[in-house]
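Comments concern the structure below.
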Amino acid sequence: MSETTEHRSNYFMVFGILVAALAISLALAAVSTGPIVVAAIFAIATVKAYLVLTHFIHLNVEPRFIKVLVIGLLAVLTVLYIGLVPDIVWVFGRMEGA
Amino acid sequence: MTNSAIIEQPMETATELPNSRMAIWWFLASEVAIFGGLIVAYVLVRLHHPEWGEYASHTINAAGAINTMVLLTSSLAVVLAHQAVEEGKLEKASKLLLTTVAFGLVFLAIKAYEYTHELHAGFTPVTNLFWSFYYLMTGLHGLHVVGGMIAMIAVSRSVRRGEHSARVECVGMYWHLVDIVWIFLFPLLYLAS
Amino acid sequence: MSHGEPESFVRKYIFSVDHKVIAKQYMITGLFMALLGGFLAYALRSQLAWPGDSIVGLGVIAPHAYNSVVTLHGTIMVFWVAMPILVAGFGNLLVPLMVGAEDMAFPRLNMLSYWVFFLSTIVIIASFFVPGGAAGGGWTAYPPLSGTVHASGVNWGMNLWILAVALEFVAFLIGGINIITTGINMRVPGMSMWDLPLFVWEELIASIVFLLAVGPLIAGAVMLLLDRSFGTGFYAPSAGGDPLLFQHLFWFFGHPEVYVLLLPALGIMGEVLCAFSRKTIFGYRTIVWSVISAGLLSFVVWAHHQFVSGLDPRLAFPFSVTTILISVPFAVHLFAFIATLYKASIRFTVAMAFTLAMIALFMIGGVTGVINGSAAADIFIHDTYFVVAHFHYTLVPIVFFATFSGIYFWYPKLFGRLMNEGLGWVHFAGTFFFFNLTFIPQFALGLMGHHRRIANPQIFEFLRDGQGLQVLSTIGVIGLLAAQVPFVYNFFASMVRGKPAGRNPWEATTLEWATASPPPHGNFDEPQTAYRGPYVYSPPGEGPDWIPQFEPPAEALEPDTAISETAS
Amino acid sequence: MLDFLPENISSFGGEIDGVITYIWRIILAWLVATEAVLVYLLVRYRRREGRRAAWLPATTWRAKAWILVPAVFVTICDIGIEARSAPVWDEVKLELPEPDLLIRVTGRQFVWTFTYAGPDGELDTADDFEAITDLYVPRDRVVRFQLESADVLHSFWVPVLRLKQDAVPGRSIPGWFEATADGRYEIACAELCGASHTAMRGRLTVQPPEIFDAWSSTMAEQQSL
C-alpha cells in the first residue's frame with residue numbers, strides 16, 4: 001500500500017472544494033427553487049460524490065475492474081430508473097386522486 | 001496476522017488489490033444497490049407527486065446543511081487517519097478515528113434534534129408518504145452511521161495496540177460511502193422543495 | 001501451508017471456518033429443505049389431483065392453507081434449496097479448490113454467512129407454526145395482498161417470511177462477497193482470469209449479478225415490512241403509493257436471480273462434460289463472454305414477468321425484445337456444450353448422465369420460454385400452468401439435475417469416496433422419467449387455460465376434462481420423490497461404504513484433483529501453480545488423454561495446448 | 001399439443017392463437033433438431049477402445065462459427081417471432097377501437113362486479129347499472145372495459161376470449177374485446193388474491209344484440225327505480 005502513497009491526493013484541497021461546493025448549493029437553494037436550480041444542485045452533489053469517490057475512497061488508484069464495477073452499478077440503477085418511469089411517474093391508467 | 005507487524009503488509013494477491021479492500025469494494029457496491037434502489041423509488045414516486053415540495057419545505061435546511069458539513073469534516077478526519085497509518089503513526093491514526101466517531105455523534109445529535117422537532121410538529125412516519133420516505137431513508141442512513149462508529153471504535157482500539165492497521169482504510173472507505181449517501185439525501189429530502 | 005487443524009468436535013464440524021465443512025453444511029441444509037419443499041409439492045399436487053380429499057401425511061388442505069403450501073414450496077425451493085446448494089454449497093467447496101487457495105478469503109465471515117443462513121432456515125420453518133399460518137401471498141409476495149394483514153388474514157407468517165428472506169439475502173451477500181474476492185484474488189501463480197475453470201467464472205458472474213440485483217429488493221422488502229407493521233403506505237394507492245413499485249423491484253431482482261441459479265449449474269455441467277467427454281471445452285472464451293453478456297442482459301428483461309400486470313402497454317415491446325435477445329447468449333452457451341461432444345470419447349457415468357439430461361431438458365424449458373417472452377402469446381399463457389411447466393423445465397434441471405451431477409462428480413472431494421454407480425443409475429432413470437411425467441401434462445393443462453394457484457380446478461367447467469392429466473402429473477411427482485430414496489441412501493451409505501476414491505478418480509484436470517480426497521485442512525500439501533488452461537483433455541499427439549492444470553510441463557514434450565488464446 | 005387450447009370466441013383470439021402456433025412450430029423445429037444432434041453425438045462418439053477425442057478448443061473464428069452461426073439463426077428466428085407478435089399485442093392492448101358498450105369491471109375479494117354505463121354510454125352517471133358475477137355482452141359488438149380493483153390484485157381472465165389483464169388498486173386499466181359466438185362461458189381470477197382466490201369465478205354470457213339490448217334496458221329501468 002505504501003508504494004501508492006505518492007498517488008494520494010491533497011486531502012485538504014479536496015476538502016476545501018467540497019465545502020465550497022456545499023456553500024454554492026446552499027446559496028443556490030436560497031435563491032430559488034426552480035427546476036434549473038434543482039438540477040444544478042444535483043449536479044453539484046454528483047461532483048461532490050465523484051470527488052469523495054475518487055480522492056477519499058481512492059478510486060483513482062484502483063485497478064480498472066473496480067472502475068468497471070462502479071460504472072456498471074450506476075448503469076444498473078439507471079436501467080431500473082428508466083424502466084420504472086412509465087409505470088411509477090406517468091402511471092398508466094391512473095385514477096383520479098391516486 | 002501477528003502482533004509484531006507495525007504496518008501490515010497485505011498478503012500477495014492475484015490482482016495486487018488486498019483481499020480486504022477488494023471485499024470492501026463489493027460490500028460498498030451492495031450498499032449502493034440498496035440505497036440506490038431506495039433513492040430510485042423515492043425519486044420516481046416524488047416525480048409523480050409534485051405536491052411533495054410543500055412537505056419537503058418543513059425539513060430543517062440549516063440542520064441538514066450543518067450535518068453535511070459535519071460528515072464532510074469527519075470524512076477528512078478518517079482519510080487523514082488512513083494517511084497516518086501509511087506513515088506509521090498508529091497513535092495519531094487511532095486518535096483521528098476517535099475524532100471521526102465524535103463527529104458521528106454530533107451528526108446523530110443534530111439528527112435527533114430534527115426528529116424531535118418534526119415529530120412535535122406532527123410529522124410522523126405515517127403522516128404521508130413523503131415523511132415515510134424521509135424517516136426510512138434518514139433512519140437507514142443513521143443506522144449506517146451508528147454501525148460505522150462502532151466499527152471505528154473497535155478499529156481504533158486495535159490500531160492503538162498495533163494490530164489490523166489495514167482495517168483503518170476499510171472502515172474509512174465505508175465511512176466515505178455513508179458520506180456520499182448523505183450528499184445525495186441532503187438535496188433530495190431538504191433542498192428540493 | 002495450513003494452519004493448525006482445530007481439535008474439538010465443535011470447532012471442527014459445527015462452528016467450523018473450513019470452507020469444505022461449510023460447503024457440506026450448506027449442501028446438507030439445502031438437501032434437507034429440498035425434502036421439505038418436495039413434501040409441499042406432493043401436498044399441493046395431491047390437492048389438485050384429488051381436491052378436498054385427505055392427503056396421506058397431511059390431512060385435508062383448506063384453501064388458505066393451500067396458498068401457504070404453494071407460497072412456501074416456491075420460496076423454499078428457490079431460496080433454501082437452489083441458493084444454498086448451487087451458489088453457496090458448490091461455490092464454497094469448489095472456488096477455493098479450483099483456484100488453489102487454502103481456504104476462502106475470509107473464513108470467519110464464511111462461517112458467519114452459514115449461520116445467518118441457518119437462522120433464516122429456522123425462521124422460515126417457524127413460520128409454519130405461528131397463529132394465522134404461513135405466508136400465503138405467493139413466492140412473489142405482491143402487495144397489497146402481502147402488504148396488509150386484513151387482505152390475506154396472515155399476520156406473523158408473512159412477517160417471518162420477510163424476515164427469513166432478508167436474513168437469507170444477508171447471508172448470501174456475505175457469502176457472495178467472499179466468493180468474488182476468493183475467485184478473483186486468491187488465484188495461484190500462473191492462473192490468469194482466462195485460465196479459470198468455467199465453474200469459477202460462472203460462480204463469479206452469478207455472485208456479482210446477485211449482489212447488484214438484490215439491493216433494490218432489500219429496499220423494497222423493508223418498505224413492505226414497514227407497510228405491514230407501521231401502516232406506512234409505500235404500496236398503498238390510497239396513501240399515494242404504488243403496488244406496481246414492488247412488482248418492479250421484485251422482478252428486477254427476480255429475473256437475474258434465475259441466472260444466479262442457472263450459471264453455477266452450467267459451470268458444474270461444463271466441468272463434468274469435459275471430464276467425461278475427454279475433450280476440451282469448445283470455445284472457452286466464447287462461453288465466458290456469453291455468460292458475461294447474459295449477466296448484463298439479465299438486468300434489462302425483468303418486466304416480461306409483468307406484461308399483463310397493469311404495466312404501461314408500451315413497455316411490452318422493448319422488454320419483449322430484450323427477452324428474446326437474452327436467448328442468444330444462452331443458445332451460444334448450450335451450442336458450445338453440444339459442440340464439445342463432437343469427436344469426443346464419451347464415458348457414460350451417472351454424473352455425465354445427469355449433465356446430458358440437464359442439457360436435453362433445459363432446452364425444452366428454454367424454447368418454451370420464447371412463447372412466454374412474446375407479449376402477445378403471454379396474454380393467454382401468463383399465470384397458467386404453461387408457465388409453471390416452463391419454469392420447472394428450467395429450474396428442476398438447474399437445481400436438481402446439475403446438483404446431482406455435481407454431487408456424483410465431486411463426492412470424492414466431499415467424503416473421500418465414490419458413490420455407488422448402480423444405485424446412481426436407478427436414481428437417474430427414476431428422476432428422468434418421473435420428472436417428464438410430472439411436467440409434460442402441465443404444458444397441456446396450461447394450454448387449456450388452467451391458471452396458477454387455484455386449489456381446486458374442478459370447479460371450473462373448462463378444466464374438468466383435464467382431471468386425468470392432473471392425476472398423471474401427481475403420480476409423476478410421487479414417483480419423482482420416490483426416485484430420490486436411492487439417492488438419499490447412496491449419499492449417506494457411500495460415506496462409509498463407498499469405494500475409496502484416491503486423488504483423481506475421474507482423471508480430471510482442474511486443481512481440486514491435485515489434492516487428497518477429501519482435501520485436508522488447508523487444502524493442498526504444497527503450494528500449487530497453474531501451468532496451463534483448465535481443460536487439456538486429449539491434447540494432440542500421443543500420451544495420456546489429460547494433462548492437469550497443476551502438472552509441471554515436461555520440457556520439449558509439451559505440445560502447444562494452451563486454451564487461452566494468445567493476445568490478439 | 002395445441003389442440004388443448006380452449007374454444008375461441010373473440011375477434012382477436014385467432015391472432016393470439018396464431019402467434020402461439022407460429023412460435024410453437026419454430027421452437028419445435030429447433031428443439032427436435034438440437035435434441036437430434038445431441039443424441040446423434042452421444043451415440044456416435046461414445047467411448048471406444050483406441051479412439052482418442054479430438055483437440056478442438058475453437059480458438060479461431062472459423063471454429064467458433066460452428067456455434068455462432070446457429071446463434072445468428074436463433075437471432076433471426078427471434079426477430080421473426082417479435083415481428084409476428086408485436087402487432088398482435090398492439091392490437092389487443094394498445095389500439096383500443098371505438099366501443100359500442102362501456103363496462104367497468106371491478107375485482108374485489110372474491111367477486112367480480114360489472115358496472116354498465118347505461119343508455120348514456122358514460123360511467124358514474126345516474127343511469128349506470130350493476131351486475132354481480134354475471135357479465136352479459138352482445139355478440140359482435142366492441143366492448144370496452146375499465147378494469148379496477150377494490151382491494152388487492154386480481155386478474156380478469158376469460159380463456160375463451162384469450163383475455164387476461166391484472167386489476168390494480170389505484171388504477172383503471174382500459175381494455176376491450178369483441179365476442180363472436182353466443183353462449184355461456186367462464187371468467188376466473190388469475191392472480192392470487194387471498195384465501196378464496198379459487199372460488200372467484202364469474203360467468204360470461206354472450207347474446208344476440210337484440211336480446212342484450214332488451215336485457216340492458218330492463219336492468220337500467222329496474223336499478224334506477
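Reckoned from all heavy atoms, side chains included, excluding hydrogens, waters and symmetry mates. Protein chains get the first letters and strands the later ones, always in sequence-line order, with residue 1 at the start of each.
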Does [X] use its side chain to pair, donor to acceptor, with the backbone of [Y] at less than 3.5 Å?
| X | Y | result |
| --- | --- | --- |
| C/Ser538 | D/Arg52 | no |
| D/Trp89 | C/Ile379 | no |
| C/Glu461 | D/Glu186 | no |

Under 4.5 Å, counting heavy-atom pairs only, tell me which of [options] racks up the most with chain D.
| options | value |
| --- | --- |
| C/Phe337, C/Phe317, C/Phe276 | C/Phe317 |
| C/Ala316, C/Pro457, C/Gly241, C/Ala65 | C/Ala316 |
| C/Arg278, C/His382, C/His64 | C/His382 |
| C/Arg452, C/Arg347, C/Lys343 | C/Lys343 |

Please report the interatomic distance [atom1]([X]) to [atom2]([Y]), rounded to the nearest 0.5 Å.
| X | Y | atom1 | atom2 | answer |
| --- | --- | --- | --- | --- |
| C/Asp383 | D/Cys189 | CG | SG | 9.0 Å |
| D/Ile173 | C/Ser309 | CD1 | OG | 7.5 Å |
| D/Leu68 | C/Thr286 | CG | OG1 | 6.0 Å |
| D/Thr34 | C/Leu334 | OG1 | CG | 9.0 Å |
| D/Leu192 | C/Asn67 | CG | CG | 4.5 Å |

Legend entry - Shortest non-hydrogen contact from C/Phe380 toward D/Lys164: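 C/Phe380 and D/Lys164 have their closest heavy atoms at O-NZ, 2.8 Å.
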
Legend entry - Interface moiety of D/Leu5 toward chain C, non-hydrogen atoms closer than 4.5 Å: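 For D/Leu5, heavy atoms of backbone and side chain both lie under 4.5 Å from chain C.
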
Legend entry - Which portion of D/Thr75 sits near chain C, non-hydrogen atoms under 4.5 angstrom: both

Inset, instruction - Would you mind listing every salt bridge (Lys or Arg N to Asp or Glu O under 4.0 Å) that reaches into residues 316-342 of chain C, with sequence neighbours excluded? - result: none

Legend entry - salt bridge (Lys or Arg N to Asp or Glu O under 4.0 Å) contacts touching residues 173-183 of chain D (sequence neighbours left out): D/Arg139-D/Asp182

Quick one: are [X] and [Y] in side-chain contact, heavy atoms under 4.5 Å?
| X | Y | value |
| --- | --- | --- |
| D/Leu42 | C/Phe348 | yes |
| C/Leu469 | D/Phe4 | yes |
| C/Phe335 | D/Val74 | yes |
| D/Trp55 | C/Val536 | yes |
| C/Asp242 | D/Arg171 | yes |
| D/Gln109 | C/Leu145 | yes |
| C/Tyr142 | D/Glu191 | yes |

Inset, instruction - Using the test side chain to side chain contact (heavy atoms under 4.5 Å, CB included), find all partners of D/Val43 that sit at least two apart in sequence or belong to another chain. - result: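 By the side chain to side chain contact (heavy atoms under 4.5 Å, CB included) rule, D/Val43 matches D/Val39, D/Arg46.
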
Legend entry - Residues in residues 149-158 of chain D near chain C [non-hydrogen atoms, under 4.5 Å]: D/Asp151, D/Val152, D/Leu153, D/Trp157

